[in-house]
Every structure is written in C-alpha cells, then in structure tokens.
Amino acid sequence: MKALTIQVVLIVVTVATVGRVVSGAGARTQAVRRLGLLVFGAFAIWSILSPEVWTSLAHLVGIGRGTDLILYGLVIAFFSFVVTSFRRFREAETRYTKLARRIAIDEAPPASTPLADAPPPQEGTDA
C-alpha cells in the first residue's frame, strides 16, 4: 500500500511541477522558485550533516532505500528543468522572430520607391 502511495505522490508532484512551469513566469512564480531553492539548499545541508535522513524519509514514504528517493527527486527536478528550458527557448525564439520581422520592415524600401531605385543587395545575402 505504501508503494502505491508514493507512486501517487510522485505523479501528483510531477503534474504540479508541469502546471507550475506552464502556468506563468510572473513575480509570484519567481518567488516560489526562490523559496523552493532555499528549502532545497537547507535540506541539502541537513542531508550532508546527517545522511541517514534520506533512508528515514524513504522508509517513511514506502521506498526501500534513500538513494532511490534521491533518484526520484532528481528525475522530477530534471523533468522540471527540461520543461522550463523548452519554454524559455520557445519564448526566446518568438522574440527573435518578432525582432527579425521588425528589422526587415524597418529596412525595407518605401512602397512608393520602384525596385530599380532600390539599393543593390549586400554581398552574402540571398536576394
């Protein structure tokens, strides 16, 4: 029964992580991330000073070894990192696309200028 409980908890944490990452990037989300990092840092220091805490926590939630609990946590953290990185990359790509379009529009010759009067294309461009 404990194995099923930890599986449900891990699934809920994974879904919550995805929801948190997808939900937004405002000041509140950033504050939650910073608090999470502080809690993680404090727990890391505590676990360095008292390594048996992992085994105790693992037994508490129905996992056999502390190393397995660490592995599950790292899988969730890595998944969160991948989702966050993908989202940031997609947002950066969208910004670069908008910037490129803006530059193309700004540098385009006026519509009233005939093409014959337009400046020749620069070297290295595909015009």
Side-chain angles (χ1 to χ4, degrees):
M1 183 64 184
K2 279 191 172 186
L4 178 63
T5 305
I6 189 61
Q7 290 171 337
V8 170
V9 169
L10 289 171
I11 290 170
V12 168
V13 169
T14 302
V15 170
T17 301
V18 171
R20 181 183 56 99
V21 169
V22 174
S23 67
R28 187 176 194 175
T29 303
Q30 188 175 7
V32 169
R33 286 182 186 158
R34 286 183 179 164
L35 285 174
L37 184 59
L38 286 173
V39 169
F40 174 77
F43 195 70
I45 291 170
W46 183 35
S47 66
I48 290 169
L49 297 174
S50 179
E52 67 275 358
V53 71
W54 290 107
T55 303
S56 299
L57 283 175
H59 289 296
L60 185 69
V61 296
I63 299 174
R65 301 180 306 169
T67 55
D68 292 338
L69 180 63
I70 292 171
L71 176 65
Y72 297 151
L74 288 175
V75 166
I76 291 172
F78 179 71
F79 183 64
S80 175
F81 171 76
V82 168
V83 171
T84 303
S85 296
F86 174 75
R87 184 172 180 198
R88 286 183 185 174
F89 180 74
R90 189 175 60 197
E91 289 172 357
E93 199 172 54
T94 301
R95 281 194 310 262
Y96 292 144
T97 300
K98 288 179 181 178
L99 178 63
R101 287 178 183 163
R102 182 78 253 162
I103 291 172
I105 289 170
D106 289 346
E107 292 183 359
S112 60
T113 305
L115 280 170
D117 295 339
Q122 296 178 353
E123 258 185 64
T125 60
D126 297 354

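FYI, the numbering just counts along the sequence from 1. Keep in mind it's a predicted model, so treat the numbers as computed, not measured. As a basis for the values below, the full set of heavy atoms in this structure was taken, side chains included, without hydrogen atoms, waters or symmetry mates.
Taking a 4.5 Å side-chain heavy-atom cut-off between Ile, Leu, Val, Met, Phe, Trp and Tyr, the cluster of Leu99 extends to Ile103. Counting Ile, Leu, Val, Met, Phe, Trp and Tyr side chains that sit under 4.5 Å apart, directly or through other members, Leu71 shares a hydrophobic cluster with Val75.
Sorted by first and then second residue, the salt bridge (Lys or Arg N to Asp or Glu O under 4.0 Å) pairs involving residues 54-69 (not counting sequence neighbours) are Arg65-Asp68. Among pairs with a residue in residues 38-47, none fulfils salt bridge (Lys or Arg N to Asp or Glu O under 4.0 Å), at least two apart in sequence or across chains.
Applying the salt bridge (charged side-chain N to carboxylate O under 4.0 Å, His left out) criterion to Arg88, with sequence neighbours excluded, gives no partner residue. Annotation: salt bridge (charged side-chain N to carboxylate O under 4.0 Å, His left out) contacts of Arg95 (sequence neighbours excluded): none.
Here OG1 of Thr84 is found 15.0 Å from CZ of Phe89. Values are rounded to the nearest 0.5 Å. Ser47 contributes atom OG, which lies 10.5 Å from atom CD of Glu52 (distance to the nearest 0.5 angstrom).
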| Taking it one step at a time, do Thr94 and Glu91 satisfy side chain to side chain contact (heavy atoms under 4.5 Å, CB included)? | CA-CA 5 Å; Thr94 301; Glu91 289 172 357; 5.6 Å; no
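Under the 4.5 Å side-chain heavy-atom criterion for grouping Ile, Leu, Val, Met, Phe, Trp and Tyr, Tyr72 is connected to Val53 within one hydrophobic cluster. Ile63 and Leu74 fall within a single hydrophobic cluster, where Ile, Leu, Val, Met, Phe, Trp and Tyr are joined by side-chain heavy atoms under 4.5 Å apart, directly or via other members. Hydrophobic clustering keeps Phe81 apart from Phe86 (ILVMFWY residues linked when any side-chain heavy atoms are closer than 4.5 Å, directly or through intermediates).
Considering Thr55, Leu60, Leu57 as possible partners of Leu69, the one that fulfils the side chain to side chain contact (heavy atoms under 4.5 Å, CB included) test is Leu57.
The main-chain N or O of Glu93 is found under 3.5 Å from a side-chain atom of Thr97 such that the two form a donor-acceptor pair.
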